[in-house]
**Student:** 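Please see the structure below; I have some questions.
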2 protein chains.
Amino acid sequence: MRMPPSKAAPKKTDAPLNGRRSRDREVIEAAVKLFWEKGYASTSVQDVADELGMMKGSLYYYIDGKDDLLRKIFEDSHREVQEIAERHRAADGKAVDRLRAFFEEYALWCLTHLQRASLYAREWRHASEDLRALMAVQRRYYDELLVPMIKSAIAEGSVSADLDIRMANYFIMSAITSIPDWFDPAGKLSADAVAKRYADLAMLVITRSAS
Amino acid sequence: MRMPPSKAAPKKTDAPLNGRRSRDREVIEAAVKLFWEKGYASTSVQDVADELGMMKGSLYYYIDGKDDLLRKIFEDSHREVQEIAERHRAADGKAVDRLRAFFEEYALWCLTHLQRASLYAREWRHASEDLRALMAVQRRYYDELLVPMIKSAIAEGSVSADLDIRMANYFIMSAITSIPDWFDPAGKLSADAVAKRYADLAMLVITRSAS
DNA sequence: CCTACCGATCGGTAGG
DNA sequence: CCTACCGATCGGTAGG
């Protein structure tokens with residue numbers, strides 16, 4: 001049973017989104033902030049317009065519809081995480097090292113994009129039908145991304161052959177993805193320290209599997 | 001136009017809720033199913049009435065308001081998980097064994113109450129203000145519940161003294177709580193098997209912490 | 001980017 | 001548990 005938060009909002013909405021014109025970016029950032037605070041379904045287009053100080057009708061100059069906002073947010077998130085995953089998949093070095101590096105960088109992305117990481121995990125149900133289909137493909141991509149790396153690590157002898165790859169995969173990825181549920185960016189722990197700790201714990205699960 | 005009473009036998013959407021009159025229970029089960037499918041905010045009181053084959057106005061004979069439905073669902077979930085936690089906290093035996101037993105039974109509760117476990121994690125934002133305050137207290141209860149058990153396990157020598165209790169706690173509890181995000185009750189894996197596997201993985205994190 | 005507006009639906013209530 | 005109804009708000013559009 002996940003626990004409700006004790007925490008207040010991070011001061012900055014989220015890490016900046018590159019590659020968009022500045023007003024478009026402000027629109028998306030306002031949506032991210034509000035969707036994160038109240039949920040997608042409970043946030044009205046009026047709320048987003050208020051946040052930006054414009055009339056609701058004017059917002060439709062920037063967006064095609066409310067679901068278009070969610071689509072843009074999800075596409076940005078997926079692109080950024082996919083880039084991280086591809087980089088570590090294709091990197092040189094032992095599979096066990098690439099796995100650890102991926103866990104740490106993915107955790108760090110979640111820690112530095114708390115709102116969008118949380119939204120992606122929480123609000124996919126409100127994506128339009130075709131976007132949900134795309135997200136299902138992306139989900140399989142992530143699941144299968146780790147399998148060859150873990151199998152390589154087993155072939156290297158770094159990981160016990162009787163590791164339940166699927167269970168370990170879900171266990172670790174769920175733990176990392178849930179970081180935004182508890183991490184307080186204004187607290188004592190730094191994002192870097194948590195990312196390293198989480199990568200350590202993940203590798204404990206991967207490499208110390210009992211035979 | 002309203003449809004005629006569609007009613008078939010209420011297919012079981014989740015494990016049964018005890019201690020309520022039968023019609024009250026059906027109302028809550030319909031709400032659980034719909035909130036889980038579409039989210040709380042996107043589910044209208046009309047949707048719940050349709051599911052039960054009654055007029056929207058009639059539903060207010062059973063509930064005080066839409067948020068009352070969510071309150072009842074959350075209270076049931078919390079009561080059940082708290083009972084599990086209290087039992088293992090107060091049990092005899094080594095702390096390390098009580099921890100493992102708690103992890104397994106908590107995982108099993110999530111596996112057999114997929115919809116309510118998922119709702120508690122996902123929809124707490126929509127709880128009324130006083131209910132959210134209560135949930136924050138409950139959250140601290142769960143966090144602090146594990147600490148004495150883990151400390152006892154360290155005192156017993158079952159667990160390394162340099163285990164980062166807080167990190168391990170978040171890592172494990174997040175992983176278990178996220179089970180409803182991927183588990184398919186119609187798939188090949190049994191709930192019992194997953195619960196045992198997850199308890200194994202959790203104990204790997206707890207007991208094999210590197211020094 | 002604003003004004004003015006649309007039909008649909010929202011949660012909820014009175015009275016039976 | 002139903003009928004009939006409420007004011008408020010919803011996402012979205014036309015025309016500028």
Side-chain angles (χ1 to χ4, degrees), chain A residues 20-74 119 123 125-132, chain B residues 1-10 20-74 119 123 125-132:
Chain A
R20 289 190 196 278
R21 311 237 312 284
S22 112
R23 198 54 169 158
D24 288 329
R25 211 162 52 218
E26 284 172 26
V27 170
I28 294 181
E29 280 169 5
V32 167
K33 181 195 169 202
L34 292 169
F35 292 170
W36 174 76
E37 283 174 4
K38 321 200 300 174
Y40 171 77
S42 297
T43 301
S44 65
V45 175
Q46 183 68 65
D47 291 332
V48 180
D50 288 348
E51 179 75 19
L52 291 160
M54 66 171 71
M55 292 297 119
K56 181 178 66 163
S58 310
L59 200 51
Y60 285 85
Y61 172 75
Y62 296 100
I63 64 174
D64 292 336
K66 191 188 173 188
D67 59 334
D68 181 51
L69 273 173
L70 198 62
R71 206 199 76 240
K72 284 178 167 133
I73 293 167
F74 284 167
L119 285 178
E123 305 281 0
R125 273 174 186 76
H126 300 107
S128 62
E129 203 172 334
D130 44 324
L131 178 54
R132 267 207 318 283
Chain B
M1 233 18 272
R2 201 71 315 100
M3 301 303 283
S6 62
K7 242 5 285 187
R20 289 191 196 278
R21 309 235 316 283
S22 115
R23 198 55 169 157
D24 289 329
R25 210 161 55 217
E26 285 171 26
V27 170
I28 294 180
E29 281 169 5
V32 167
K33 181 196 169 201
L34 293 169
F35 292 170
W36 175 75
E37 282 174 1
K38 321 203 296 175
Y40 172 78
S42 297
T43 300
S44 65
V45 175
Q46 182 67 68
D47 291 332
V48 180
D50 288 348
E51 179 75 19
L52 291 161
M54 66 170 72
M55 294 297 120
K56 182 177 67 162
S58 310
L59 201 50
Y60 285 85
Y61 172 76
Y62 296 100
I63 63 175
D64 292 336
K66 192 187 173 188
D67 60 332
D68 180 51
L69 273 172
L70 199 62
R71 205 199 77 239
K72 285 180 167 131
I73 293 167
F74 284 167
L119 285 178
E123 306 281 0
R125 260 163 249 268
H126 300 107
S128 62
E129 201 172 337
D130 43 324
L131 179 53
R132 269 208 315 284

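Here is how names work: the chains are called A, B, and so on, in the same order as the sequence lines, proteins then strands, and each is numbered from 1.
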**Student:** Could you run through nucleotides 9-16 of chain D and give me one letter per nucleotide, 5' to 3': B if any protein heavy atom sits under 4.0 Å from the base, S if only the sugar-phosphate is that close, - if neither?
**Tutor:** -SBBB---
**Student:** For a stem of at least 3 consecutive Watson-Crick or G-U pairs with distances under 3.5 Å, i pairing with j, i+1 with j-1 and so on, which stems involve DNA chain C?
**Tutor:**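 Stem segments, range with range: C:1-16 with D:1-16.
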**Student:** Kindly write out the residues that satisfy side-chain hydrogen bond (donor to acceptor under 3.5 Å, both in side chains) with D130(B), not counting sequence neighbours, or none if the list is empty.
**Tutor:**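 Applying side-chain hydrogen bond (donor to acceptor under 3.5 Å, both in side chains) to D130(B) gives S128(B).
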**Student:** Is there a donor-acceptor pair under 3.5 Å between the side chain of T43(B) and the backbone N or O of G39(B)?
**Tutor:**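 Such a contact is found between T43(B) side chain and G39(B) backbone.
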**Student:** Students often mix this up, so state it plainly: with edges at 30° and 60°, are the rings of H126(A) and Y40(A) parallel, tilted or perpendicular?
**Tutor:**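 It falls in the tilted class, 30° to 60°.
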**Student:** With R23(A), which residues qualify under salt bridge (Lys or Arg N to Asp or Glu O under 4.0 Å), at least two apart?
**Tutor:**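 Per chain and number, R23(A) pairs via salt bridge (Lys or Arg N to Asp or Glu O under 4.0 Å) with E26(A).
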**Student:** Can you sort out the partners of K72(B) under side-chain hydrogen bond (donor to acceptor under 3.5 Å, both in side chains), two or more places apart, ordered by chain and number?
**Tutor:**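 For K72(B) the side-chain hydrogen bond (donor to acceptor under 3.5 Å, both in side chains) partners, ignoring immediate neighbours, are D68(B).
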**Student:** What nucleic acid atoms does M55(A) come within less than 4.0 Å of, heavy atoms only: base, sugar-phosphate, or nothing?
**Tutor:**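 It contacts base atoms.
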**Student:** Please give, in whole Å, the distance from dC2(D) P to M54(B) CE?
**Tutor:**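 The distance from CE of M54(B) to P of dC2(D) comes to 7 Å, rounded to the nearest Å.
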**Student:** I'd like to check the ring pair (Phe, Tyr, Trp, His ring centres under 6.0 Å) partners of Y60(A); sequence neighbours left out, ordered by chain and number.
**Tutor:**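 Y60(A): no ring pair (Phe, Tyr, Trp, His ring centres under 6.0 Å) contacts found.
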**Student:** Does a side-chain N-to-carboxylate-O contact under 4.0 Å join K38(A) and D47(A)?
**Tutor:**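 Salt bridge: yes.
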**Student:** On a heavy-atom basis, which atom in I73(B) and which in A31(B) lie closest, and how many Å separate them?
**Tutor:**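 For I73(B) and A31(B), the tightest heavy-atom pair comes out as CD1-CB, 4.1 Å.
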